[in-house]
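What follows is a short report on a single structure.
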Amino acid sequence: MTWFDILKKDGGWVGELKDEQKEELKKTPKVKVDIPDFDVPSNESEIPDVLEAMKDKKLEPKEMKETDVDARDMLFDLVDDEADDYKDLISDLQIYTTKQKMKYNRKRPYQASDKIEKPKTHTIQSPSFPSGHSIEAFGLAVVLADKFPDKKKELMDVAETISDARIEMGVHYPSDKKVGKQIGEMIGRAYIEGATS
């Protein structure tokens, strides 16, 4: 049996958004960003990459849990600032994330393949594409790196770790991370330009 044989039937994401995510669909972000349309690779083409990442995990279970539920704190722990000072940015990142996810409505890897078990996490109540953890991690990293340039490498490294962990967990495909990173960086740059203009 090949990996292709264990793919589940085609279709979109199955699940229900949390109430706060449903509210985000009705909101307008404060910072306007023209997000382009993205091509989404087939689930079939990326399942082998997800399985490989899950097999060759780089993070210990404790680290994996931290990237899952405390990702934002990991970034703010690197700088002398608090998340409360970035409420508008965080809100915008969440609004863009939910709207983009619903636009593409991609199945999570565990919904696409019998080889991937549903992970024990509360951070998968939305479609897979793009990765919300990546959008938030890179959006915050870009803005924080602008304010704390001496911490730029550390911030970007942590954002990469947070994003890669989502693939290792089997909850995202590599393209979810790639596009999430692009969107997060776009929003971060727009936020900086808005704050300085």
Side-chain angles (χ1 to χ4, degrees), residues 3-4 6-8 10-18 21 24 35-72 74-75 90 93-142 156-188:
W3 61 268
F4 191 83
I6 50 84
L7 289 168
K8 296 180 181 176
D10 213 2
W13 172 75
V14 177
E16 175 144 2
L17 294 176
K18 295 184 281 187
Q21 290 171 309
E24 285 160 1
I35 298 176
D37 290 333
F38 294 97
D39 291 325
V40 183
S42 70
N43 298 341
E44 294 90 343
S45 69
E46 292 197 279
I47 288 291
D49 297 326
V50 176
L51 290 170
E52 183 77 16
M54 292 177 73
K55 185 177 129 196
D56 299 333
K57 282 185 171 68
K58 295 177 184 148
L59 297 176
E60 297 298 322
K62 183 180 176 187
E63 296 171 302
M64 190 75 73
K65 184 174 182 183
E66 185 181 20
T67 64
D68 184 32
V69 296
D70 298 320
R72 189 182 301 157
M74 292 173 68
L75 292 161
I90 291 168
L93 290 165
Q94 291 170 338
I95 291 167
Y96 279 111
T97 293
T98 302
K99 290 185 176 194
Q100 289 293 303
K101 284 177 171 288
M102 295 311 292
K103 174 180 176 179
Y104 293 100
N105 198 38
R106 187 184 200 183
K107 279 184 179 182
R108 296 276 179 170
Y110 69 87
Q111 294 176 319
S113 170
D114 285 327
K115 284 281 191 186
I116 302 172
E117 289 184 27
K118 183 177 180 179
K120 293 175 181 168
T121 175
H122 298 293
T123 60
I124 51 175
Q125 295 99 334
S126 62
S128 195
F129 186 93
S131 165
H133 275 65
S134 297
I135 291 174
E136 182 169 282
F138 283 100
L140 286 170
V142 164
M156 292 302 174
D157 287 348
V158 167
E160 289 285 351
T161 297
I162 290 166
S163 297
D164 288 339
R166 304 299 285 172
I167 304 168
E168 289 183 25
M169 283 179 69
V171 298
H172 277 297
Y173 306 88
S175 62
D176 298 345
K177 173 206 167 177
K178 179 183 175 184
V179 171
K181 177 178 180 177
Q182 287 177 255
I183 293 172
E185 289 178 342
M186 288 171 65
I187 296 167

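We're numbering straight along the sequence, starting at 1.
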Practice task
In sequence, state the C-alpha distance, the side-chain angles, and the governing distance for L17 and K101, and then conclude on side chain to side chain contact (heavy atoms under 4.5 Å, CB included).
Solution key: CA-CA 11 Å; L17 294 176; K101 284 177 171 288; over 6 Å; no
Practice task
Kindly indicate, with the supporting measurements, whether the criterion side chain to side chain contact (heavy atoms under 4.5 Å, CB included) is fulfilled by D49 and I167.
Solution key: CA-CA 9 Å; D49 297 326; I167 304 168; over 6 Å; no
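No side-chain donor-acceptor contact under 3.5 Å links Y173 to the backbone of P41. Of the possible polar contacts, none joining the R108 side chain to the Q125 backbone as a donor-acceptor pair under 3.5 Å is found.
Between I116 and P109, the closest heavy-atom pair is CD1-CB, 3.8 Å. K103 and P36 make their closest contact through NZ-O, 4.5 Å (heavy atoms, listed as atom of the first residue, atom of the second, distance). The nearest pair of heavy atoms linking A141 to A159 is CB-CB, 4.1 Å. Shown here for P119 and V171, the closest heavy-atom pair between the two residues is CG-CG1, 3.1 Å. The heavy-atom pair separating F138 from E185 by the smallest distance is CD2-OE2, 3.9 Å.
Distance CD/E63 to CG/D70: 13.0 Å, rounded to 0.5 Å. To the nearest 0.5 Å, the span separating CE on M64 from OG1 on T161 amounts to 10.5 Å.
For the pair I47/K115, no side-chain contact is recorded, criterion being any heavy-atom separation below 4.5 Å from C-beta on. Side-chain contact between L140 and R72: present, with at least one pair of heavy atoms (C-beta onward) separated by less than 4.5 Å. Side-chain contact between T123 and R166: present, with at least one pair of heavy atoms (C-beta onward) separated by less than 4.5 Å. Looking at Y96 and I35, their side chains come closer than 4.5 Å, going by heavy atoms from C-beta outward. Using a 4.5 Å cut-off on side-chain heavy atoms (C-beta onward), S134 and D176 make no contact. Side chains of F129 and S175 form a contact here, defined as non-hydrogen atoms less than 4.5 Å apart. A heavy-atom distance below 4.5 Å is found between the side chains of V50 and P174. Between I124 and M169 the shortest side-chain heavy-atom distance does not fall below 4.5 Å.
By the 4.0 Å N-to-carboxylate-O rule, E168 lies too far from K58 to be salt-bridged with it. The pair E46-R106 meets the salt-bridge criterion, since a charged nitrogen lies less than 4.0 angstrom from a carboxylate oxygen.
The only option from E160, H133, Q182 that meets the side-chain hydrogen bond (donor to acceptor under 3.5 Å, both in side chains) definition with K177 turns out to be E160.
Checked against salt bridge (Lys or Arg N to Asp or Glu O under 4.0 Å), K99 has no partners two or more places apart in sequence or in another chain.
Under a cut-off of 6.0 angstrom, the local environment of NZ in K178 is sparse, with at most 12 non-hydrogen atoms contributed by other residues, nucleotides or ligands.
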